[in-house]
A.B. asks: 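Take this structure first; my questions come after.
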Amino acid sequence: AVQITDNSTYRYVITFASREVADEWWRAVSTSTVTTFVTSVLRVNAQFYTHNVNVANAANSLTTTGVATQFLGEVFFTQDNDLGGRGLSIIPPLEQSFADHISGNSFFIRSKVAPYDYWYYPTSSNTTNAVYVSRTKRTRFTVSLSSGTAGTVMIGSDNVVI
């Protein structure tokens with residue numbers, strides 16, 4: 001997380017126990033009843049957040065009632081020291097097959113157990129509207145929250161439509 005009012009203070013490397021925890025932490029912060037966190041902490045993408053500590057410090061989301069206290073022990077904020085070379089190096093980006101789970105986006109859907117097996121929907125001569133499993137062909141499917149706003153980060157407990 002980067003402080004938006006300067007380039008040298010309140011810079012954090014945020015470590016999440018898993019990708020799911022990262023998305024669930026973001027949902028908790030972005031929908032919190034503590035509106036200072038909703039307006040201060042912004043998700044630029046799945047690996048980059050900004051915050052305005054004059055409004056709310058992202059690290060305090062774990063200790064402020066009503067924000068994301070349930071993630072204490074699963075999310076760690078490590079504050080960088082300064083810009084003089086003593087800070088932590090950046091965490092490497094996720095693999096190229098990384099997909100950001102945003103409602104309304106389209107995805108190739110594959111098996112977690114057999115990651116080479118993809119969903120395939122042939123558009124022609126498919127009178128039964130069947131979806132097949134294929135290792136050579138794949139189809140993009142639009143995945144959206146069944147009730148929610150397009151652009152929202154989806155989490156495991158969400159109901160979705162394809």
Side-chain angles (χ1 to χ4, degrees), residues 1-113 115 118-119 139-162:
V2 172
Q3 155 72 325
I4 63 169
T5 60
D6 65 45
N7 192 34
S8 60
T9 62
Y10 295 98
R11 295 175 304 123
Y12 295 99
V13 172
I14 310 172
T15 307
F16 298 97
S18 67
R19 167 67 190 273
E20 290 78 16
V21 169
D23 289 343
E24 291 171 10
W25 171 84
W26 171 245
R27 174 71 62 83
V29 171
S30 65
T31 60
S32 171
T33 56
V34 184
T35 57
T36 53
F37 283 88
V38 175
T39 58
S40 171
V41 183
L42 300 176
R43 181 183 188 270
V44 177
N45 63 45
Q47 290 189 288
F48 190 77
Y49 299 85
T50 63
H51 64 145
N52 181 344
V53 296
N54 298 318
V55 178
N57 185 335
N60 294 340
S61 66
L62 302 177
T63 56
T64 302
T65 302
V67 183
T69 56
Q70 67 270 31
F71 296 102
L72 190 62
E74 292 185 87
V75 178
F76 303 98
F77 286 82
T78 304
Q79 190 168 8
D80 285 348
N81 294 323
D82 59 26
L83 292 176
R86 293 179 292 177
L88 298 173
S89 61
I90 188 107
I91 295 173
L94 296 170
E95 67 276 358
Q96 286 187 328
S97 62
F98 169 76
D100 204 1
H101 304 133
I102 304 294
S103 176
N105 284 1
S106 64
F107 304 92
F108 292 115
I109 299 174
R110 64 181 178 163
S111 168
K112 275 190 156 185
V113 176
Y118 286 86
W119 286 15
T139 304
R140 282 190 168 275
F141 292 86
T142 300
V143 180
S144 302
L145 293 171
S146 57
S147 61
T149 308
T152 301
V153 175
M154 296 181 288
I155 60 175
S157 60
D158 286 335
N159 291 320
V160 299
V161 291
I162 299 174

A.B. asks: Holding to ring-ring contact (aromatic ring centres under 6.0 Å, His included), I want the full list of residues that pass it with Y12, two or more places apart in sequence or in another chain.
C.D. replies: H51, F77
A.B. asks: Does a side-chain heavy-atom distance below 4.5 Å link R110 with W119?
C.D. replies: no
A.B. asks: Got T63 and T69 here, is their nearest side-chain heavy-atom distance under 4.5 Å?
C.D. replies: no
A.B. asks: Is there a side-chain contact between L62 and F76 (heavy atoms, below 4.5 Å)?
C.D. replies: no
A.B. asks: If you take all heavy atoms of F107 and V143, which pair is closest and at what distance?
C.D. replies: CD1-CG2, 3.7 Å
A.B. asks: How would you list, by chain and number, every residue that makes a ring-ring contact (aromatic ring centres under 6.0 Å, His included) with F48, sequence neighbours excluded?
C.D. replies: none
A.B. asks: Donor-acceptor check, side chain of S103 to backbone of L145, threshold 3.5 angstrom: yes or no?
C.D. replies: yes
A.B. asks: Any side-chain hydrogen bond (donor to acceptor under 3.5 Å, both in side chains) involving residues 30-45? Give me the pairs, sequence neighbours left out, ordered by first then second residue.
C.D. replies: R43-D100
A.B. asks: Please tabulate, one pair per line, all N/O donor-acceptor pairs under 3.5 Å involving side-chain atoms of residues 149-162, not counting sequence neighbours.
C.D. replies:
{"residue": "T152", "atom": "OG1", "partner": "T149", "partner atom": "O", "Å": "2.8"}
{"residue": "D158", "atom": "OD1", "partner": "R27", "partner atom": "NH1", "Å": "3.1"}
{"residue": "D158", "atom": "OD2", "partner": "R27", "partner atom": "NH2", "Å": "2.7"}
{"residue": "D158", "atom": "OD2", "partner": "I155", "partner atom": "N", "Å": "2.8"}

A.B. asks: Taking it one step at a time, do Q70 and E24 satisfy side-chain contact (heavy atoms from CB on, under 4.5 Å)?
C.D. replies: CA-CA 10 Å; Q70 67 270 31; E24 291 171 10; over 6 Å; no
A.B. asks: For S111, which residues count as a side chain to side chain donor-acceptor pair (under 3.5 Å) partner, sequence neighbours excluded?
C.D. replies: none
A.B. asks: Is any side-chain heavy atom of T64 closer than 4.5 Å to a side-chain heavy atom of F37?
C.D. replies: yes
A.B. asks: Taking only residues two or more places apart in sequence or in another chain, which ones pass ring-ring contact (aromatic ring centres under 6.0 Å, His included) with F108?
C.D. replies: none
A.B. asks: For T9, which residues count as a side chain to side chain donor-acceptor pair (under 3.5 Å) partner, sequence neighbours excluded?
C.D. replies: D6
A.B. asks: With sequence neighbours left out, what residues match T5 under side-chain contact (heavy atoms from CB on, under 4.5 Å)?
C.D. replies: Q3, N52, N54
A.B. asks: Evaluate the side-chain proximity of V67 to V29: yes if any heavy-atom separation is below 4.5 Å, no if none is.
C.D. replies: yes
A.B. asks: Are W25 and Y49 an aromatic pair, judged by ring center distance below 6.0 Å?
C.D. replies: yes
A.B. asks: Y10: which residues meet the ring-ring contact (aromatic ring centres under 6.0 Å, His included) condition with it, sequence neighbours left out?
C.D. replies: none
A.B. asks: Search all heavy atoms of S106 against all heavy atoms of R140 and return the closest pair with its distance.
C.D. replies: O-NH1, 2.9 Å
A.B. asks: Output all residues satisfying side chain to side chain donor-acceptor pair (under 3.5 Å) with E74, sequence neighbours left out; order by chain, then residue number.
C.D. replies: none
A.B. asks: Checking side-chain contact (heavy atoms from CB on, under 4.5 Å) for the pair T15/V75: CA distance, chi angles, key distance, verdict?
C.D. replies: CA-CA 6 Å; T15 307; V75 178; over 6 Å; no
